[in-house]
*Asks:* 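Supplied in structure tokens, the structure appears directly below.
All values below were derived from every heavy atom in this structure, side-chain atoms included, with hydrogens, water molecules and symmetry-related copies excluded.
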Amino acid sequence: MENRPPLPPFTRDTAIQKVRLAEDGWNTRDAAKVAMAYTHDTKWRNRATFVSNRKEAEAFLKAKWIREIDYRLIKELWAFGDNRIAVRYAYEWRDDSGNWFRSYGNENWEFAENGLMQTRFASINDLPISNADRKFHWPQGRRPDDHPGLSELGL
């Protein structure tokens with residue numbers, strides 16, 4: 001059986017760790033690797049898109065990161081309990097015409113006993129921004145530990 005620590009039930013510290021691991025994974029933009037954090041029968045609602053298994057999640061992510069160029073994400077714990085975590089997040093990206101956006105969102109997560117995410121509900125809003133308004137400037141990949149989070153950035 002696949003395990004993805006930390007496992008539920010979550011404490012504040014393990015919930016924060018789970019959120020950072022999710023952020024780190026998504027910042028790789030490696031759809032196959034990220035999809036492995038979800039159960040085989042994972043259920044998602046991402047905006048108006050519905051995903052009903054790991055294979056669909058991987059396909060969704062591949063398409064997302066083709067469309068959302070120079071993607072950089074910050075997640076922050078909002079609440080947690082037992083096997084559920086709520087996060088707020090923002091990510092910056094540009095389209096193929098060079099237009100920049102900051103997308104703001106909230107996610108509700110539910111985990112199986114083995115620590116894989118079985119349910120993900122995401123609500124997201126996109127805000128066009130100028131290049132000068134960007135706040136996420138680290139090199140592609142994991143956000144450096146000394147880079148401010150959402151609260152420190154006033155987001």
Side-chain angles (χ1 to χ4, degrees), residues 2-39 42 44 46-47 54 57-58 60-112 114-155:
E2 303 168 83
N3 278 323
R4 184 66 67 128
L7 306 176
F10 298 111
T11 65
R12 179 171 175 70
D13 288 342
T14 60
I16 289 170
Q17 182 183 9
K18 197 72 159 179
V19 171
R20 183 57 194 244
L21 289 168
E23 175 188 315
D24 291 350
W26 281 58
N27 275 327
T28 68
R29 297 180 308 145
D30 182 336
K33 178 181 174 185
V34 172
M36 295 305 294
Y38 300 90
T39 60
T42 191
W44 292 15
N46 194 95
R47 301 177 195 245
R54 185 187 284 171
E58 183 178 346
F60 170 87
L61 293 169
K62 282 181 183 176
K64 171 186 180 61
W65 290 321
I66 289 170
R67 190 176 58 254
E68 295 176 353
I69 304 165
D70 291 329
Y71 176 96
R72 287 171 180 79
L73 165 73
I74 300 176
K75 290 183 181 278
E76 185 174 280
L77 177 68
W78 187 253
F80 71 96
D82 193 30
N83 71 332
R84 293 181 175 179
I85 295 177
V87 299
R88 68 186 200 94
Y89 60 91
Y91 61 91
E92 293 180 351
W93 58 281
R94 65 178 175 83
D95 64 18
D96 60 2
S97 296
N99 301 302
W100 281 96
F101 298 87
R102 185 175 305 118
S103 299
Y104 296 94
N106 299 292
E107 291 178 339
N108 296 310
W109 301 339
E110 183 177 51
F111 293 87
N114 63 358
L116 295 176
M117 193 182 302
Q118 61 191 12
T119 309
R120 176 182 173 269
F121 299 111
S123 298
I124 309 164
N125 298 298
D126 301 321
L127 175 69
I129 61 173
S130 70
N131 188 40
D133 290 331
R134 293 180 52 223
K135 296 179 183 281
F136 303 176
H137 293 285
W138 66 88
Q140 198 71 58
R142 186 179 192 277
R143 176 173 56 100
D145 290 334
D146 62 350
H147 190 284
L150 296 179
S151 293
E152 293 84 6
L153 290 169
L155 299 175

*Asks:* Listed by chain and number, what are the side-chain contact (heavy atoms from CB on, under 4.5 Å) partners of A90, not counting sequence neighbours?
*Replies:*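 side-chain contact (heavy atoms from CB on, under 4.5 Å) list for A90, sorted by chain: R102, Y104, F136, L150.
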*Asks:* Please tell me if the side chains of R29 and E68 come closer than 4.5 Å, counting only heavy atoms from C-beta onward.
*Replies:*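 Side chain of R29 against side chain of E68, heavy atoms only: no contact under 4.5 Å found.
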*Asks:* Can you name the side-chain contact (heavy atoms from CB on, under 4.5 Å) partners of P128, sequence neighbours left out?
*Replies:*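 So P128 forms a side-chain contact (heavy atoms from CB on, under 4.5 Å) with F101.
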*Asks:* Can you see which heavy atom on A112 is nearest to which on P8, and at what distance?
*Replies:*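 Minimum heavy-atom contact is O-CG, 3.4 Å.
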*Asks:* Could you report the tightest heavy-atom contact between K75 and W109, atom names first, then the distance?
*Replies:*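 That would be NZ-CZ2, 3.8 Å.
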*Asks:* Got a list of side-chain donor-acceptor pairs under 3.5 Å for residues 14-21, not counting sequence neighbours?
*Replies:*
residue	atom	partner	partner atom	Å
T14	OG1	T11	N	2.7
T14	OG1	T11	O	3.2
T14	OG1	T11	OG1	3.2
K18	NZ	R4	O	2.5
K18	NZ	P6	O	3.0
K18	NZ	G115	O	2.8
R20	NE	D24	OD1	2.8
R20	NH2	R143	O	2.4

*Asks:* Quick check, are the ring centers of Y91 and W26 under 6.0 angstrom apart?
*Replies:*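 Judged by ring-centre distance (under 6.0 Å), Y91 and W26 do not meet the cut-off.
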*Asks:* Looking at OG1 of T28 and OH of Y71, how far apart are the two atoms once the value is rounded to the nearest 0.5 Å?
*Replies:*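 Between atom OG1 of T28 and atom OH of Y71 there are 9.5 Å.
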*Asks:* Nearest 0.5 Å please: distance from the CG atom of N108 over to the OG atom of S123.
*Replies:*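 So the CG of N108 and the OG of S123 are separated by 7.5 Å.
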*Asks:* Taking atom CG of L155 and atom CD of E76, what is their separation to the nearest 0.5 Å?
*Replies:*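 Atom-to-atom, L155:CG and E76:CD are 9.5 Å apart.
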*Asks:* Just by modelled atom types, is the D70 backbone N or O under 3.5 Å from a matching donor or acceptor in the R72 side chain?
*Replies:*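 Between the backbone of D70 and the side chain of R72 there is a qualifying donor-acceptor contact (under 3.5 Å).
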*Asks:* At what distance, to the nearest 0.5 angstrom, does CG of L7 lie from CG of N83?
*Replies:*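 Going from the CG atom of L7 to the CG atom of N83 covers 11.5 Å.
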*Asks:* Tell me the salt bridge (Lys or Arg N to Asp or Glu O under 4.0 Å) pairs involving residues 116-138, sequence neighbours left out?
*Replies:*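 Pairs touching residues 116-138 that pass the test: R47-D126, E92-R134, E107-R120.
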*Asks:* Please check this pair: side chain of N46 against backbone of A122, looking for a donor-acceptor N/O pair closer than 3.5 Å.
*Replies:*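 Side chain of N46 to backbone of A122: no pair is present.
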*Asks:* Holding to side-chain contact (heavy atoms from CB on, under 4.5 Å), I want the full list of residues that pass it with D96, two or more places apart in sequence or in another chain.
*Replies:*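 Result, side-chain contact (heavy atoms from CB on, under 4.5 Å) vs D96: I69.
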*Asks:* Quick one: ring pair (Phe, Tyr, Trp, His ring centres under 6.0 Å) partners of F10, sequence neighbours excluded?
*Replies:*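 Testing F10 for ring pair (Phe, Tyr, Trp, His ring centres under 6.0 Å), a comparison that skips the adjacent residues, returns F111.
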*Asks:* Can you confirm whether I74 sits close enough to E23 that some side-chain heavy atom of one is under 4.5 Å from a side-chain heavy atom of the other?
*Replies:*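 A side-chain contact exists here, since the closest heavy-atom pair is under 4.5 Å.
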*Asks:* Rounded to the nearest 0.5 Å, how far apart are CZ of R94 and CD1 of I129?
*Replies:*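 Output value for this atom pair is 12.5 Å.
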*Asks:* Can you establish whether the number of heavy atoms outside W100 located under 6.0 Å from its atom CH2 is more than 12?
*Replies:*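 Counting other residues, nucleotides and ligands, CH2 of W100 exceeds 12 neighbours.
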*Asks:* Give the minimum heavy-atom separation between L61 and V34, together with the two atoms involved.
*Replies:*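 Shortest heavy-atom separation between L61 and V34 comes out as CD1-CG1, 3.5 Å.
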*Asks:* Could you tell me whether the side chain of Y89 reaches within less than 4.5 Å of the side chain of I124, counting heavy atoms only?
*Replies:*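 I124 vs Y89: side chains touch.
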*Asks:* Measuring from N99:CG to W93:CH2, what's the distance to the nearest 0.5 Å?
*Replies:*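 Here the interatomic distance stands at 8.5 Å.
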*Asks:* Is R54 salt-bridged to E58, cutoff N-O under 4.0 Å?
*Replies:*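 Not counted as a salt bridge, because no side-chain N and carboxylate O are separated by less than 4.0 Å.
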